[in-house]
Student: 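The structure under discussion is supplied below as structure tokens; questions concerning it will follow.
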Protein chains: 2
Amino acid sequence: MLSQSIEDYIKAIWTLSEGKEDKYAVSTNVLASHLMTSQASVSEMYKRLADKEFIDYIPYQGGSLSPKGRQLAVSLIRKHRLWEVFLHAKLGFGWEEVHDIAEQLEHIHSHELTKRLDAFLDYPSIDPHGDYIPDAEGNIPKQRAKPLTELTIGGVAKVVGVLDSNSKLLSLLSQKGIGLGTSLCVQSILPFDDSRVLTLNEKQSAELSYKACELILIQENR
Amino acid sequence: MLSQSIEDYIKAIWTLSEGKEDKYAVSTNVLASHLMTSQASVSEMYKRLADKEFIDYIPYQGGSLSPKGRQLAVSLIRKHRLWEVFLHAKLGFGWEEVHDIAEQLEHIHSHELTKRLDAFLDYPSIDPHGDYIPDAEGNIPKQRAKPLTELTIGGVAKVVGVLDSNSKLLSLLSQKGIGLGTSLCVQSILPFDDSRVLTLNEKQSAELSYKACELILIQENR
DNA sequence: ATTAATATTTAGGCTATCCTAAATATTTGC
DNA sequence: GCAAATATTTAGGATAGCCTAAATATTAAT
């Protein structure tokens, strides 16, 4: 059984090497200030983590996650983000309040719990901050989802989430035929209020206010 | 901030002195075997707990919860049981599976979380094992709820819960006009299958199978 | 009431985790 | 390419828990 402390270190290393090249090593310096602890503690923990084969550690160079470490990190991130969705969508916490509680909930050990929570939440793919939730196998999209307002005219993308569980927004969207997975294209941007005219699933068209577009997260087709 | 270990001790002392007289002292012996630890560890922890004023401790006599300790214990029990309801009613875990996970969840610190969870679950008063859930002020009924099958003819009681979130049972009950708070009296017990004939709220009467009565929890009027 | 049995505490150690200060490597500036 | 600045590790020590074995209290039995 792993201590909370070990899990915190692993998650921090993952976070700090997000988007960096493979085998990116995190220095004790950077990790210590991220975790608000001393470099000495990090140095010591690096040895312990290397022992347990969670990281590859070269003294004076820093640590990088091993496959085993990355798997643990991603499962923590998955739990963290699923709990954030729960707190926001089911308990009505604001997106800015969910982090600290999820920080504790992510350490609950139960594979079955995670599985059932995922199903209960209807298999969400993004959390209330717009970050992707790794799937059960640990896969996670590389880019961060961006709001529909950042899609330029002619751009084609897929809806991956909505940044608010406000039921009015959701009902507006379902009324217009927009949901998770909907493929859309920006046809034009109207003058004055910047409303978007969209083509949905290459068929119908719909108009959506700037305010609504800000809360819709998309993943652009490459 | 309190450690998980301290919380476990406090909860164990509460559990072991449940139903006993006020100021009932729990011996190191009993507590050690309950927590599967050594008596020496308990003895040591007793000193720490007494220091922090969670217990009154007389060496060689054992420890009893102080008001502060009792308050902490009850808040842990409350969280534990609320999470059990969540796991059972919302995530579909069997009542026998919920304990171990709730054991971890009860240590999550957030007053607001507990409050919102309580509301989300619609302020339940019993957990999936039929135990009462302390309210936000820490009040908890003394007796355990018992199944309707244990109410004798002529006995009057109030429905305090249902031991299964099986929606078929719930819809059967609402169809018959039985819900939380319904006051009922056993008019007769039918031969052969032990079905109960009940008087509801001193007005209508209803018949209920033994199988259904087993899952309905009541609190007898004194 | 004294001894035998039982319960409890103390002593002495262990590990994980943290800390500060000192020692050692590495990097950078000239 | 060496000295100064910076980064990293090691040394030494603290605390919370846990353990076993030894010492001490209490209780029970004759």
Side-chain angles (χ1 to χ4, degrees), chain A residues 1-14 16-17 20 23-65 68-69 72-73 76 103-104 106-107 109, chain B residues 1-14 16-17 20 23-65 68-69 72-73 76 103-104 106-107 109:
Chain A
M1 193 91 308
L2 299 170
S3 73
Q4 188 153 319
S5 191
I6 285 182
E7 294 191 342
D8 287 339
Y9 273 91
I10 295 290
K11 212 185 70 154
I13 297 170
W14 186 86
L16 293 169
S17 50
K20 300 285 167 41
K23 300 266 158 188
Y24 176 85
V26 176
S27 69
T28 52
N29 186 11
V30 166
L31 189 50
S33 66
H34 183 83
L35 292 174
M36 304 220 284
T37 188
S38 69
Q39 289 183 218
S41 299
V42 173
S43 190
E44 193 181 300
M45 182 60 102
Y46 264 0
K47 272 183 265 168
R48 215 169 301 141
L49 294 177
D51 248 30
K52 295 182 195 281
E53 302 192 300
F54 285 116
I55 64 170
D56 296 316
Y57 169 47
I58 305 171
Y60 291 98
Q61 304 236 133
S64 61
L65 292 176
K68 180 179 164 191
L72 173 58
L76 289 164
E103 202 70 17
Q104 299 176 65
E106 75 194 12
H107 297 291
H109 298 291
Chain B
M1 193 90 310
L2 299 170
S3 73
Q4 189 151 319
S5 191
I6 285 182
E7 294 192 341
D8 287 338
Y9 273 90
I10 295 289
K11 211 183 69 154
I13 297 170
W14 186 86
L16 293 169
S17 50
K20 301 284 166 44
K23 298 264 159 192
Y24 176 84
V26 176
S27 70
T28 52
N29 186 12
V30 166
L31 189 50
S33 67
H34 183 83
L35 291 175
M36 303 218 286
T37 187
S38 69
Q39 288 184 217
S41 298
V42 173
S43 191
E44 192 182 299
M45 182 61 103
Y46 265 0
K47 273 182 267 170
R48 216 170 300 142
L49 294 177
D51 247 32
K52 294 183 196 281
E53 303 191 298
F54 285 116
I55 65 171
D56 296 318
Y57 168 49
I58 306 172
Y60 292 98
Q61 306 235 134
S64 61
L65 291 176
K68 181 178 162 192
L72 173 57
L76 289 164
E103 203 70 17
Q104 299 176 63
E106 75 194 11
H107 298 292
H109 299 290

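Remember, predicted model here, so these are calculated numbers, not experimental data.
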Student: So, Ser17(B) side chain and Ile13(B) main chain: donor-acceptor pair closer than 3.5 Å or not?
Tutor: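 A pair under 3.5 Å: yes.
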
Student: Nearest nucleotide by nearest heavy atom, which residue falls closer to the 5' end of DNA chain C, Gln4(A) or Tyr60(A)?
Tutor: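 Going by which nucleotide is closer to the 5' end, it is Gln4(A).
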
Student: I'd like to know if the side chain of Lys68(B) and the backbone of Lys52(B) have a donor-acceptor N/O pair within less than 3.5 Å.
Tutor: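 Yes: the side chain of Lys68(B) pairs with the backbone of Lys52(B).
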
Student: Go nucleotide by nucleotide along DNA chain C from the 5' end; which of Ala40(A) and Gln61(A) gets its closest nucleotide reached first?
Tutor: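 Whichever sits nearer the 5' end wins; that is Ala40(A).
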
Student: Could you tell me how far apart Leu35(A) (CG) and dT17(C) (P) are, to the nearest whole angstrom?
Tutor: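 Taking CG of Leu35(A) and P of dT17(C), I get 13 Å after rounding.
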
Student: Does Ala25(A) offer a backbone N or O that forms a donor-acceptor pair with the side chain of Lys20(A) under 3.5 Å?
Tutor: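 Checking the backbone N and O of Ala25(A) against the side chain of Lys20(A), no donor-acceptor pair under 3.5 Å is found.
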
Student: Sorted by first residue and then second, give each salt bridge (charged side-chain N to carboxylate O under 4.0 Å, His left out) pair with at least one member in residues 32-45 of chain B; sequence neighbours left out.
Tutor: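 Applying salt bridge (charged side-chain N to carboxylate O under 4.0 Å, His left out) to every pair that reaches into residues 32-45 of chain B, excluding sequence neighbours, yields Glu44(B)-Arg48(B).
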
Student: Heavy atoms of chain A, cut-off under 4.0 Å: which first and last nucleotide of DNA chain D, 5' to 3', fall inside that, if you could look?
Tutor: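 The footprint of chain A covers dA7(D) to dT10(D).
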
Student: So, do Ser3(A) and Ile6(A) sit near enough that their side-chain heavy atoms are less than 4.5 Å apart?
Tutor: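 Counting from C-beta outward, Ser3(A) and Ile6(A) do come under 4.5 Å.
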
Student: Could you check if a side-chain atom of Ser43(B) sits within less than 4.5 angstrom of a side-chain atom of Tyr60(B), using non-hydrogen atoms only?
Tutor: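 They are not in side-chain contact.
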
Student: Near DNA chain D, counting only heavy atoms under 4.0 Å, which residues of residues 41-55 of chain A show up?
Tutor: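 Of all residues in residues 41-55 of chain A, the ones placing a heavy atom under 4.0 Å from DNA chain D are Ser43(A), Lys47(A).
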
Student: Backbone N or O of Leu76(B) within a donor-acceptor pair of the Glu7(B) side chain at under 3.5 Å?
Tutor: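 Absent.
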
Student: I'd like to check Ser41(B) versus Tyr46(B) (side-chain heavy atoms, cut-off strictly below 4.5 Å). Are they in contact?
Tutor: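 SC-SC contact between Ser41(B) and Tyr46(B) ruled out.
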
Student: With a 4.0 Å cut-off on heavy atoms, is Ser5(A) in touch with a base, just the backbone sugar-phosphate, or nothing at all?
Tutor: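 Since only primed, P, OP1 and OP2 atoms lie under 4.0 Å of Ser5(A), the category is sugar-phosphate.
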
Student: Quick one: Asp8(A) CG to dT17(C) C1', roughly how many Å, whole number?
Tutor: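 Value for this atom pair: 12 Å.
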
Student: Can you find a side chain N or O atom of Thr37(A) that sits less than 4.0 Å from OP1 or OP2 on dC19(C)?
Tutor: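 Yes, because at least one side-chain N or O of Thr37(A) sits under 4.0 Å from OP1 or OP2 of dC19(C).
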
